[in-house]
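To keep things clear, I will list the structure first and then write my remarks on it.
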Amino acid sequence: MARPADAHAIRSAFLSFFEERGHAAVPSSPLVPFDDPTLLFVNAGMVQFKDVFTGRDKRDYTRATSAQRCLRAGGKHNDLDNVGFTPRHHTLFEMLGNFSFGDYFKRDAIRWGWEFLTQVLELPAEKLVVSVFNGEGENAPFDQEAYDLWAEIIPKERIYAFDAKENFWQMGDTGPCGPCSEIHIWRGEGGAPPDGGKPGKGPAFEDDKYMELWNLVFMQYEKLASGEMTKLPAPSVDTGAGLERLAAVLEGVETNYETGLFVPIVDKVKALAGVSGHQGEREASYRVIADHARATAFLIADGVTPDQTGRPYVLRRIMRRAIRHATLVGLEDLFFHEVCDEVVNRFGEAYPELREAREVIAGAVKIEEEGFRRTLARGLRRVSKILAGLEAEGSKVFPVDEAADLYTSAGFPIDLTRVIAEENELTLDEAAVAEKLEAQKGESSFAGGGGSKVADVYFDIVNELGQGTAFLGYGATAGEATLKAIVIPAPEPAEGEPALEPTRVESAQAGQAVELIFDQSPFYGESGGQVGDTGALRAVDGGAVVTVTQTSKPTGGLHVHHGELAGGSIAVGQRFVLEVDVARRDAIRRNHSATHMLHHALRKVLGKHVAQKGSLVAPDRLRFDFSHARSVTREETRRIEAEVNAMVLANAPTGTAEMSLADAKQAGAIGLFGEKYGAEVRVVTIGEVETEAGEERSVELCGGTHVARAGDVGLFKIVAEGGVAQGVRRIEAMTGMGAVEWVQERAEVVDQVASDLRARDLGEVLGRLEKLHEELAARGREIDSLKRKLATGGGGSQASEVVEVEGGGKTVKLTARRIPVADPKIMREAADTLRDRMGSGVVVLAGERDGKANLLVATTKDLAKGKIVHAGKLAAALVVHVDGRGGGRPDMAQAGGPKVAGLDDVVAHAAEELAKQLA
RNA sequence: GGGGGCAUAGCUCAGUUGGGAGAGCAUCGCACUGGCAGUGCGAAGGUCAGGAGUUCAAGUCUCCUUGCCUCCA
């Protein structure tokens, strides 16, 4: 085999090498682990084989090889902050591996690892050193076998032995584990490492002089809960070699960023920034952006879009960090999508899923970058405001609380705050801010925790039965079966208490809540968005009846019937007749088939970027979440409804077929291909509509239950559309009689409205309504104008009573009056008018509103500014007559009180109180 | 799941002991100009997210609901 020409060629060379040695080349799994809530992202090559190692899953091969995309960001392994500043930390990386599931063991693993490095990659053998487990730190002995095998290949002084911390591996606290053997390359001076085999030397102690290339894990033990170690009957091998490191060695460069995997991406960023060559201190920023663009492109291709919780939040952090670094090197425009697109160009051949998702990636990245740049702009405004305040105070220290607050509530990066502060010759204690944030973290410690862990009891049952429940429900809604297991559900734990485990029993009595498992069942267990069936279970001997309120599928095809034992007693081994609630199931069928047709119509009307993000199929409605950046317009909604209803009317039969995943893809099936399916997948076809574009139909991977013909769906009606997250829309719809009733209800209301409006037909309704609105607004204006006239004395027919008040040698004009409308707005306007009429003077208005007394005192500006009259004080003095309180500014004050009868007194005493103020 | 924050004109936002709902941009009208750009003047546009409470008085204070932003797990 020829030496790989570049970094990308290493990948294919590796896979071919092991394929030639009988391995199945398995494609990389998506970054989101299937069915494993304990793991945020796939972070090692063996993740997709986890269940194969434990024996829970069987494959038709016993040796495999893969190039697996992995991500380390968020969670326990968080290297995010190091990325870009060190030679080898990455968020996304590729792990090359070969695996043996009870097939070959140490000899072949060691031999092939060595052969690939020295003969295919042609690495100098004298620079390679290896390590084995020395028997310390774990309840397992020195790995003599591995040592002896290595000794056949390389000189003994280049074989090191280290303790469990370095050379022992385990999947979890219990389960398969074993010693491992690592291959390192000497990077120091000279051809070979100088301190071969000496204690305290070697890769475990001199990390900077060696680089780990390959880790070979030999799974030969099983660790029990007691800590005891037992030997596995069929030992396995799990190996991993980082592609980026191999590339760096092969190309003879110092850092992974200088390999062919990164250079084109880094250069793309530099081109966008208008620079080239090494950028000194700023180089790290370009590396961060390149690294994060890789992670971003792959994550989005695997169905993750940035958001505020969980995996989507990790993606958001990665993206924002990249954009933050972009601002540091002066990239001000939207640019990140172009970098991600370059990733698609470079990695699309090895990972076709990137190419398929090209538009989706670009769209999601643009949206996020726009959003974050808005966040930054908002933050900058807040910072400027704070800076202005500090300048006024003459302070030279940026407040720690403000910086922390900017970060936690506005998402404004702390380091950016510091940079701006420094530009304004202010200091910011970043350590104090970090401390403050740490303290806040303590305050917001979360309650509860963990995902929904599947209770062990269900795994035990599957293992014991050897298989799950055989599902009869595609063809039937009733059937006979044997009761295989009874589980008593765990009671709800008290607040703050850990969840309790359900318990297995052999029999149960009337009145008990039970979960029943049969060898076969027509009941559909909740999965794939479709809700579980309900119905009844009757013992064949006539004794017991169980009402089933829910059917779930906690694991591996196990259909669990939840319900209550209505009468009699039951025991494992009994025969039952199982009857699904048929009307409910039929409603579910309609909604499930309609969901498929909706998905198809959405892709047709909105575009191929539409991908399922979530789905709920219930008897009364269906809900479908999908990726789409904008809201769906009314016109689009209309077209989508029309598409679906056209398919319904064509009334084509639905078809289901079992086929291989490859054949399903070939047939154009859509579905969540990232999920783990068995060798055979079920494909549901609905439609066969003749259109100008040819035949059209919905083809989807699906395990759900469907109608026999599209026409069974009946009327399809979208009843709601909205957003659930950035870039994700939700449509809710109804079918069958439910949809008919929904439409009828609406139509009745519209008819009623039309007749109330005296509209002759529907077209007239909107016109009438508009006219009504206009009329109402006109009347409102008229009323306001009349109120104003009343308040100011009715158009001058009654002469305004202006009196002159003397006091303290000054004379001030006063108008004091009762007014019939005491609307605050009207009173202000009236006071303005009266004030203007007097030129200079004081206005006191008193009136009743909603059973309360309101007064208003206003003075002209000259009196207020000259501190001759204070409206607020005058109002306070007058309001005692209505037992109220009040106040206001010198030129305008309002007051009020409950004693309406005192209003005349207010007017009567106005002159007197004003005189007191003047004096 | 927990914490912090926001919701005011079509858009971006101001509104500081609770006491006249504002600015800029956009829209429309008028004027200047041969036309456009532009400038000037003017107008329209608001259930201050929704609901309850405190108060004589709530955009402003309290509580609830909804939506969004943001940090953390």
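Source: prediction; values computed, not measured. Throughout, a chain's letter reflects where its sequence line sits, starting with A, and its residues are numbered from 1. Only this structure's heavy atoms are used, side chains among them; waters, hydrogens and symmetry mates stay out.
- A:Glu370 has no carboxylate O lying under 4.0 Å from a charged side-chain N of A:Lys366, or vice versa, which leaves the two without a salt bridge.
- Nucleotides B:A49 and B:C68 have their C1' atoms positioned 11 Å apart, rounded to a whole Å.
- The separation of B:U54 from B:A14, taken at their C1' atoms, amounts to 27 Å, rounded to a whole angstrom.
- Minimum interatomic distance between A:Val365 and A:Cys340 (heavy atoms only, all atoms of both residues): CG2-SG, 4.0 Å.
- B:C41 and B:G5: their C1' atoms are spaced 42 Å apart (whole Å).
- At least one side-chain heavy atom of A:Leu390 sits under 4.5 Å from a side-chain heavy atom of A:Pro399.
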Could you walk me through whether A:Phe398 and A:Thr427 pass the side chain to side chain contact (heavy atoms under 4.5 Å, CB included) test, one step at a time? CA-CA 6 Å; A:Phe398 197 95; A:Thr427 57; over 6 Å; no
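- In this structure, A:Gly872 reaches neither bases nor backbone, as no heavy-atom distance under 4.0 Å exists between it and the strands shown.
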Assess whether side chain to side chain contact (heavy atoms under 4.5 Å, CB included) is satisfied between A:Leu92 and A:Leu299, documenting all intermediate values. CA-CA 9 Å; A:Leu92 181 118; A:Leu299 275 171; over 6 Å; no
Spell out protein contact along nucleotides 54-60 of chain B as letters: B when the base is contacted, S when just the sugar-phosphate is, - when no protein heavy atom is under 4.0 Å; keep the 5' to 3' order. -SBS---
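- Across residues 407-417 of chain A, A:Tyr407, A:Thr408, A:Ser409, A:Ala410, A:Gly411 each have a non-hydrogen atom less than 4.0 Å from an atom of RNA chain B (numbered order).
- Going from the P atom of B:U8 to that of B:C13 covers 10 Å, rounded to whole Å.
- For A:Arg317, no side-chain nitrogen or oxygen approaches OP1 or OP2 of B:C71 to under 4.0 Å.
- Nearest heavy atoms, A:Arg817 versus A:Val907: C-CG2, 3.7 Å.
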According to the Watson-Crick and G-U wobble definition with distances under 3.5 Å, which dot-bracket string, read 5' to 3', encodes RNA chain B, using [ ] for crossing pairs and | for pairs with another strand? (((((((..((((.....[..)))).((((((.....)))))).....(((((..]....)))))))))))).
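- Taking atom CZ of residue A:Arg324 and atom P of nucleotide B:C71, one finds them 14 Å apart after rounding to whole Å.
- With hydrogens and angles disregarded, no donor-acceptor distance shorter than 3.5 Å links the side chain of A:Arg316 to the backbone of A:Gln308.
- Contact annotation: A:Gln308 side-chain N/O to B:C69 OP1/OP2 distance is under 4.0 Å.
- The CZ-P distance, from A:Phe372 to B:U70, rounds to 9 Å in whole Å.
- Salt-bridge formation is detected for the pair A:Arg320/A:Glu368: a Lys NZ or Arg NE/NH1/NH2 atom is positioned less than 4.0 Å from an Asp or Glu carboxylate oxygen.
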Protein-nucleic acid N or O pairs under 3.5 Å, nucleotides 6-17 of chain B:
| unit_1 | atom_1 | unit_2 | atom_2 | d |
| --- | --- | --- | --- | --- |
| B:C13 | OP1 | A:Arg381 | NH2 | 2.2 |

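- Not counting sequence neighbours, the partners of A:Glu369 by the salt bridge (charged side-chain N to carboxylate O under 4.0 Å, His left out) test are A:Arg373.
- Rounded to a whole angstrom, the distance from the C1' atom of B:C28 to that of B:G34 is 25 Å.
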Could you pull out the protein-nucleic contacts involving nucleotides 21-25 of chain B (nitrogen or oxygen on both sides, under 3.5 Å)?
| unit_1 | atom_1 | unit_2 | atom_2 | d |
| --- | --- | --- | --- | --- |
| B:A21 | OP1 | A:Arg828 | NH2 | 2.9 |

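- Ion pair A:Arg835/A:Asp832 flagged as a salt bridge, since at least one NZ, NE, NH1 or NH2 atom sits closer than 4.0 Å to an Asp/Glu carboxylate oxygen.
- On a pure distance criterion of 3.5 Å, a polar donor-acceptor pair joins the side chain of A:Asp832 and the base of B:G20.
- Nucleic acid contact class of A:Asp891 (heavy atoms, under 4.0 Å, all strands): base.
- At a threshold of 4.0 angstrom between heavy atoms, the contacts of A:Arg320 are confined to the sugar-phosphate backbone, with no base atom among them.
- The same atom, C1', is picked in B:A73 and in B:G15; the two are 38 Å apart, to the nearest Å.
- The distance between atom CG of A:Asp307 and atom P of B:A73, rounded to the nearest whole Å, is 16 Å.
- Contact detail for A:Gln894 and A:Met892: the closest heavy-atom pair is OE1-CE, 4.1 Å.
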